[in-house]
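Every chain is numbered from 1, with letters handed out A, B, ... down the list of sequences.
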Amino acid sequence: MKQKLEALILRAVETLKNDGVLAGDLSPNIILEHTRDPQHGDFASNLALMLAGPAQLKPRQMAEKIVAALPLESSVLRVEIAGPGFINFFMNPDSQYQIIKKIHEEGNCFGLSEVGAGQKVQVEFVSANPTGPLHVGHGRGATYGSVVADLLQAVGFEVHREYYVNDAGRQMDILAASIWLRYMEECGEVLPFPSNGYRGDYIREIADDIHNTSGNEYRRPVELVLEDLPPDEPLGGDKETHIDALIDRVKTLLGSAAYQDFFQIGLKTIIRDIKADLSEFGVTFQTWFSERMLMDNGAIGQALARLQESGYLYKKEGATWFASSRLGDEKDRVVVRDNGQSTYFASDIAYHMNKLDRGYDRIINVWGADHHGYIPRVRAAMQALGADESRLTVLLVQFAVLYRGEEKVQMSTRSGEFVTLRQLRNEVGKDAARFFYVMRRSEQHMDFDLKLATEKTNENPVYYVQYAYARVCSVLRQLDEKGLSRDSLLGMDSLEQLKETHELSLMGLLTRYPEVLQKAALNYEPHQLINFLRELATEFHTYYNAHQFLVEDTALRNARLNLITAVKQVLSNGLGLLKINTPEVM
RNA sequence: GCGCUUGUAGCUCAGCUGGAUAGAGCAUCGGCCUUCUAAGCCGAGGGUCGCAGGUUCGAGUCCUGCCAAGCGCGCCA
């Protein structure tokens, strides 16, 4: 409908060019928008306001010329010039009715499109360190990333979802050491726990499992553990120095093989937990990409070699640096430390090279907003690798600040004082959690009030939308109870009976759904879909209160039933895309 | 100090990429259930769009400068 109008306007512009009213080289960007006010018709264009300047005419005169040049078309009822020079289009209601037929024909596919044209997109999201269960902060990135991926797929992109597992590096060593220390406690030993260690209960559970299967096999004398260790922070020392020394000690005492056992068991247990957690939350991945794999298969070396070839590496103070400042970064970055170990950034360069080599047209990283300072160096790396860095899009997700009523909830992974995603799901349910997480723009700081979300009151907007769906289902059940029949074909032939304002605006909304999907997908803005569904639910509830659907008049009844089942279909499609349930009874 | 993000009704947030009288939910107040589910609907009040300039037919939206909040500025990940 919209595209048809745009074509008409384009032809009018061509006509005016031929008539010499407009310069031939002018190629105006035709903006046609749905009106907010029905008095302004169904669509409005500001074209005359844009072209008045170049054509040296007053806006309203320009508008008159455009309207005069506009080809006649039966679906356009009339055209008006209004305000400073807007052109308002009033559509023939007959054309509106088509949307109901279209929705019934296309069913679950209504709204899907091919604007993505099969382009390959990789979306990397969550990628939380596997050092503990996901907390509510990760929940937002998980929901946002998965919905963005699903939206892109819905509009015709070929999407690959990926979780980057940071299974290398110091944090993992701290995890392994933490598990072993708890294991020692399981063996009956008493020893201090480092202030920097992971304190969560899940650490004890893992240690307990190991002790149950392996007994005291990994037990070592406490004196040897503590001998000559630099003091921890509470004792006036440095916590980082302390824990690094402790890790080295654990490695020595256990030996490399046994240490790896602890490391691997910890990693596998936590990954398994995260996977299950996300899966229950409706978030799945095609690939869990291991950072260690990049180290083991030489990918990091290859990436650094490519940077070397292009002349972006140099040595300084024993370390190897990447000259990222030559490509827009604030300063140069170390890729290989003076102790010979590559940095996390080096892994990430290799990871992005891997993504590029896999041939994605578009690479999307969903990151926590605290990582924004990291973006310029990754872009620099992509350029240095000879890639078009515009293929990379980084989407930042602000943290959700948790409240319980007025009280802010403090969180720290290491101290174990955090609300897990699983706890949140148990408290408020998957539907409400997902809905809340993507209800707001991702860059917007979000206050997540646990108390409010826990109370299952009608303040929870997800119920509002689900209730609209359940109401349609309820009407259909009533049909049987009242002994009335439904004749879908008769309804389709009687659509012109739908003349009420509520009915017309409801149809107008339904028409917009495919456009909303596209816009939400291409702008990476799931909240636009949420807003649309809320609006559709509102329109429906209003209609429900204003008119009876199950009326005696067979033609009208069936026409209305076709309309509200179309609403049901679109609610189902939208909520389905968000992986939110559509209960038939509430 | 530099950089990124944010600032819209009492609170939480939209605002369709520069359009017509800035919207919604919650909260407050007043109405609507013998009729398809009241987890609903109708109505009222509530605004210096952080502040000050600028760009143009037109600015919450764009540019500049301030103010405030959050985050980031490691040979951590």
Tell me what [X] touches on the nucleic acid: a base, only sugar-phosphate, or nothing, going by heavy atoms under 4.0 Å.
{"X": "A/A468", "result": "nothing"}
{"X": "A/E443", "result": "sugar-phosphate"}
{"X": "A/A546", "result": "nothing"}
{"X": "A/H502", "result": "nothing"}
{"X": "A/N523", "result": "base"}
{"X": "A/K331", "result": "sugar-phosphate"}
{"X": "A/S474", "result": "base"}
{"X": "A/V516", "result": "nothing"}
{"X": "A/N129", "result": "sugar-phosphate"}
{"X": "A/H541", "result": "sugar-phosphate"}
{"X": "A/A52", "result": "nothing"}
{"X": "A/Q466", "result": "nothing"}

Problem - B/C33, syn or anti by chi within 90 degrees of zero - result: syn
Practice task
Have a look at B/U17 and give me syn or anti from its glycosidic angle (syn if within 90° of zero).
Solution key: syn
Please report the distance separating the [atom1] of [N] from the corresponding atom of [M], rounded so that it comes out in whole Å.
{"N": "B/C67", "M": "B/A52", "atom1": "C1'", "result": "11 Å"}
{"N": "B/G25", "M": "B/U8", "atom1": "C1'", "result": "15 Å"}
{"N": "B/C51", "M": "B/C33", "atom1": "P", "result": "45 Å"}
{"N": "B/U64", "M": "B/U55", "atom1": "P", "result": "15 Å"}
{"N": "B/G7", "M": "B/U12", "atom1": "P", "result": "12 Å"}
{"N": "B/G3", "M": "B/C63", "atom1": "P", "result": "15 Å"}
{"N": "B/G23", "M": "B/G45", "atom1": "C1'", "result": "16 Å"}
{"N": "B/C49", "M": "B/C62", "atom1": "C1'", "result": "16 Å"}

Fill in the blank from the handout: RNA chain B nearest-nucleotide lookup for A/F86 and A/Y544: closer to the 5′ end is A/F86
Practice task
Between A/T542 and A/L49, name the one whose nearest nucleotide on RNA chain B is closer to the 5' end.
Solution key: A/L49
How close or far is atom [atom2] of [N] from atom [atom1] of [X], stated in whole angstroms?
{"X": "A/N545", "N": "B/U35", "atom1": "CG", "atom2": "C1'", "result": "12 Å"}
{"X": "A/R60", "N": "B/G58", "atom1": "CZ", "atom2": "C1'", "result": "15 Å"}
{"X": "A/R333", "N": "B/C75", "atom1": "CZ", "atom2": "C1'", "result": "12 Å"}
{"X": "A/F540", "N": "B/C36", "atom1": "CZ", "atom2": "P", "result": "13 Å"}
{"X": "A/L536", "N": "B/A24", "atom1": "CG", "atom2": "C1'", "result": "15 Å"}
{"X": "A/R471", "N": "B/C33", "atom1": "CZ", "atom2": "P", "result": "15 Å"}
{"X": "A/L484", "N": "B/U35", "atom1": "CG", "atom2": "P", "result": "17 Å"}
{"X": "A/E240", "N": "B/A77", "atom1": "CD", "atom2": "P", "result": "11 Å"}

Does one side chain, of [X] or [Y], offer a donor that lies under 3.5 Å from an acceptor on the other?
{"X": "A/Y351", "Y": "A/E162", "answer": "yes"}
{"X": "A/N581", "Y": "A/R434", "answer": "no"}
{"X": "A/Q466", "Y": "A/D431", "answer": "yes"}
{"X": "A/Q171", "Y": "A/T131", "answer": "no"}
{"X": "A/H34", "Y": "A/E515", "answer": "yes"}

Counting side-chain heavy atoms from CB outward, which of [options] is closest to [X]?
{"X": "A/M50", "options": "B/G19, B/C36, B/A20", "answer": "B/G19"}
{"X": "A/N88", "options": "B/C57, B/A77, B/A20", "answer": "B/A20"}
{"X": "A/E330", "options": "B/G19, B/G72, B/U35", "answer": "B/G72"}
{"X": "A/Q171", "options": "B/A77, B/C36, B/G19", "answer": "B/A77"}

Count the heavy atoms belonging to other residues, nucleotides or ligands that lie under 6.0 Å from [atom1] of [X], then report whether that count exceeds 12.
{"X": "A/K315", "atom1": "NZ", "answer": "no"}
{"X": "A/K355", "atom1": "NZ", "answer": "yes"}
{"X": "A/K239", "atom1": "NZ", "answer": "no"}

Practice task
Please list every stem that involves RNA chain B, where a stem is a run of 3 or more consecutive Watson-Crick or G-U wobble pairs with both pairing distances under 3.5 Å.
Solution key: B:1-7 with B:67-73, B:10-13 with B:23-26, B:28-32 with B:40-44, B:50-54 with B:62-66
Can you confirm whether [X] sits close enough to [Y] that some side-chain heavy atom of one is under 4.5 Å from a side-chain heavy atom of the other?
{"X": "A/Y164", "Y": "A/L294", "value": "yes"}
{"X": "A/L550", "Y": "A/L561", "value": "yes"}
{"X": "A/F89", "Y": "A/I9", "value": "yes"}
{"X": "A/E6", "Y": "A/F43", "value": "no"}
{"X": "A/T35", "Y": "A/F86", "value": "no"}

Fill in the blank from the handout: A/G574 and A/L533 have their tightest heavy-atom pair at C-CD1, 3.8 Å
Got a list of protein N/O to nucleotides 13-15 of chain B N/O distances below 3.5 Å?
from: B/C13; atom 1: OP1; to: A/H445; atom 2: O; distance (Å): 2.9
from: B/C13; atom 1: OP1; to: A/D447; atom 2: N; distance (Å): 3.2
from: B/C13; atom 1: O2'; to: A/R440; atom 2: NE; distance (Å): 3.1
from: B/A14; atom 1: OP1; to: A/R441; atom 2: N; distance (Å): 2.8
from: B/A14; atom 1: OP2; to: A/Q444; atom 2: NE2; distance (Å): 3.0
from: B/A14; atom 1: O2'; to: A/N531; atom 2: ND2; distance (Å): 2.8
from: B/G15; atom 1: OP1; to: A/H527; atom 2: NE2; distance (Å): 3.0

Check whether any side-chain nitrogen or oxygen of [X] sits under 4.0 Å from OP1 or OP2 of [N], and answer yes or no.
{"X": "A/R560", "N": "B/C36", "result": "no"}
{"X": "A/R170", "N": "B/G74", "result": "no"}
{"X": "A/Y464", "N": "B/C41", "result": "yes"}

Practice task
Verify whether the ring centers belonging to A/Y524 and A/Y144 lie closer than 6.0 Å.
Solution key: no
Practice task
State whether A/F540 and A/R471 meet the cation-pi test: NZ (Lys) or CZ (Arg) under 6.0 Å from the six-membered ring centroid, and within 45° of the perpendicular axis.
Solution key: no
Problem - Close residues, residues 370-380 of chain A, relative to RNA chain B [heavy-atom separation under 4.0 Å] - result: A/D370, A/H371, A/H372, A/G373, A/Y374
